[in-house]
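Working notes, structure below.
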Amino acid sequence: MEDMTYTIKSSEMSAIDTNCEYHGLSRLQLMENAGRGLAEEIRKFGKDKKILIFSGLGNNGGDAFVAVRHLRGFDITVFLLGKESEIKTDIAKRNFQLIKKVCRIKEIRNPDIELDDEFDIIVDAMLGTGVKGRLREPYSTAVELINSSDSFVVAVDVPTGLNPDTGEYDICVIADVTITFHKYKPGLLKASNVAGKVILKDIGIPEYLEKLAGPGDVHLAYKRRDDAHKGEHGRVLIVGGGEYTGAPALAALAALHSGADIVTLAVPESIKDIVAGFSPNLIVRGLKGSRISESNIQEIDELIKKHDVLVMGMGIGDKDFVEISEEILKGSVRRAVLDAEAITKDVPENVKCIITPHFGEFKRVFGRTPENEDEVKSFAKKHGITILLKSKKDIISDGEKIRVNESGNSGMTVGGTGDVLAGIVGALFCHADPLWSASASAFINGLAGDICFEEFGYNYTALDMLRKIPLAIKRSIEFL
Ligand SMILES: NC(=O)C1=CN([C@@H]2O[C@H](COP(=O)(O)OP(=O)(O)OC[C@H]3O[C@@H](n4cnc5c(N)ncnc54)[C@H](OP(=O)(O)O)[C@@H]3O)[C@@H](O)[C@H]2O)[C@H](O)CC1
Ligand SMILES: [K+]
């Protein structure tokens, strides 16, 4: 029996679909594999059966359209719950076109559907992971009809009406079998009374591709609401600077370019004017003294209360700072991004923390460098933190899942790119979970570097990258 424990949320599945498309495995190929797998299972229920397919207007329906092509010899009728012109996606449209000469098709426009024929098998391909809220007509009538028939019911991916993540439902198709794709949806495991026997079909997504960050991560982690008020898109506090002045400013500007509404810098007052001089966009608070010390902790904690995320460490240059970092983490902070000298593995349980070490810092903190991705995952799990290990191939893990990022190029070894990355993470972490905030940020940072390379070749600077962050986000959001 497959390992039922590793499930995937519908939003994560959607992100992986997008990334597959971006990295060369098209949704059309995935749909073909899904539909073929569906047909393989239906064929096991006996040949020459009369089949009625209820199909929706999205890719759940698309899977069934593909299956029709793989079910030669079966007597198939399709009830399309809408008009052909309303089919939403190009790949579902293409597969619908291909079956118009293969089976009977009836467009169902209003809910007074009747079954004037007996069918051995009914396939529920109405709604899958795209379901939102209560079922609209004619879907709810179709569900009642299916449930009142005595046909054998096969649900595609998720029984229509079931919330794929929570397992909740108002009304729902009661399936004898659910054929689900790639990974189990959490809701299926909580609703066996409606999902029936769950069969998992592989659709050809290799493990490395499931882990590989892409625009799908940005779709998940970057949120923008057009009805938002100032500050709602995130308030980031950057605590850093001392020996260096540029690093905290780069992190702050990166956070602003990544969608944060308010970014406050808290730096030693000795460099306050220098840092403030970098840009009129910066709000800079001077902390007493020329280096951040115990005496500043109270003031920093007061500032933390007014922000969503604390980003700390860049430009401090004081190896003893880790003790101060650990003291600050015991205060009001609930979400923290730790970089450079602030990185510690000892984080209070009530703090959601992302650390962004390079290999040298990883070794300093954990005593050795990780052999592989799984070791990064085990370190993250052991300490209850999310690790973004920066390298040519960034490795991200929250102790449960692993993500990998390969965007970027060797021009990014220039100083300051780590500060930029930490600022991006801080902005996305205001409203997304640690794993996807970190992986989306790694992808954005690398893509900004790639856009710089496209324009300048190598020898661009971290400052050049700042201006490409909005473009990297725009490209990612627009990639569907
Ligand atoms: N990697 C994979 O697992 C793959 C899965 N595939 C299949 O794709 C579906 C998800 O397809 P999607 O197009 O995202 O959405 P659905 O087909 O589930 O829904 C279609 C539309 O239905 C509308 N909708 C949503 N909620 C309701 C509701 N409560 N009542 C009525 N209608 C509803 C909604 O349209 P709007 O009009 O609301 O915009 C949906 O867009 C997945 O389940 C798999 O079967 C891929 O084929 C291959 C890869
Ligand atoms: K379904």
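Heavy atoms only: backbone and side chains are in, while hydrogens, waters and symmetry mates are out. Start at 1 and go down the list; that is how both ligands and their atoms are numbered. On a predicted model such as this, the values are computed, not experimentally measured, just so you know. Quick note: residue numbers are just sequence positions, from 1.
The side-chain heavy atoms of Val218 and Ile444, taken from C-beta on, include a pair separated by under 4.5 Å. Looking at heavy atoms from C-beta onward, Leu145 lies in side-chain contact with Leu115 at the 4.5 angstrom threshold.
Across Arg475 and Glu454, no two heavy atoms sit closer than the pair NH2-OE1, 3.0 Å.
Here the protein heavy atom with the shortest distance to atom 9 (C) of ligand 1 is Asn60 N, 3.6 Å. Looking at atom 22 (O) of ligand 1, its nearest protein heavy atom turns out to be Leu127 CD2, 3.1 Å. The protein atom (non-hydrogen) at minimum distance from atom 30 (N) of ligand 1 is Arg136 N, 3.1 Å.
When each atom of ligand 1 is checked for a heavy atom of Leu135 under 4.0 Å away, the hits are 29 (N), 30 (N). Each of the following atoms of ligand 1 lies closer than 4.0 Å to a heavy atom of Gly128: 16 (P), 18 (O), 43 (O). The atoms of ligand 1 that sit less than 4.0 Å from any heavy atom of Tyr139 are 31 (C), 32 (N).
Under 4.0 Å from ligand 1, heavy atoms of Asn59 appear from its side chain as well as its backbone. Only side-chain heavy atoms of Asp17 come within less than 4.0 Å of ligand 1; its backbone N, CA, C and O stay farther off.
Using a 4.0 angstrom heavy-atom cutoff, Val131 counts as in contact with ligand 1. Using a 4.0 Å heavy-atom cutoff, Gly56 is absent from the residues neighbouring ligand 1. At a 4.0 Å cut-off, not a single heavy atom of His182 sits close enough to ligand 1 to count as contact.
On a distance-only criterion, Asp63 and ligand 1 share at least one N/O pair closer than 3.5 Å. Polar contact check, Lys132 against ligand 1: a nitrogen or oxygen pair lies under 3.5 Å apart.
Here Val158 reaches the K ion (ligand 2): one of its N/O/S atoms is less than 3.4 Å from the metal. Taking backbone and side chain together, Gly128 holds no N, O or S atom under 3.4 Å from the K ion (ligand 2). Taking 3.4 Å as the threshold, Asp124 counts as a candidate ligand of the K ion (ligand 2), since one of its N, O or S atoms lies below it.
Remark: Asp398 does not engage Lys352 in a salt bridge, criterion side-chain N to carboxylate O under 4.0 Å. Lys393 has a carboxylate O that lies under 4.0 Å from a charged side-chain N of Glu373, or vice versa, which qualifies the two as a salt bridge. Contact check on Lys401 versus Glu210 returns no salt bridge, with no Lys/Arg side-chain nitrogen under 4.0 Å from an Asp/Glu carboxylate oxygen. Salt-bridge formation is detected for the pair Arg27/Glu21: a Lys NZ or Arg NE/NH1/NH2 atom is positioned less than 4.0 Å from an Asp or Glu carboxylate oxygen. Using a cut-off of 4.0 Å between Lys/Arg side-chain N and Asp/Glu carboxylate O, Glu455 and Lys468 are scored as salt-bridged. Taking a cutoff of 4.0 Å between a charged side-chain nitrogen and a carboxylate oxygen, Arg403 and Asp394 do not qualify as a salt bridge. For Lys44 and Glu41, the salt-bridge test passes: some basic side-chain N is under 4.0 Å from an acidic carboxylate O.
Taking the ring axis of Phe119 as reference, the NZ or CZ atom of Lys50 stays within 45° of it and closer than 6.0 Å to the ring centre.
Which of Gly62, Gly130, Gly58, Ala92 comes nearest to atom 40 (C) of ligand 1 through a heavy atom is settled by distance: it is Gly130. Looking at Gln29, Arg134, Lys88 and measuring to atom 41 (O) of ligand 1, the nearest heavy atom belongs to Lys88.
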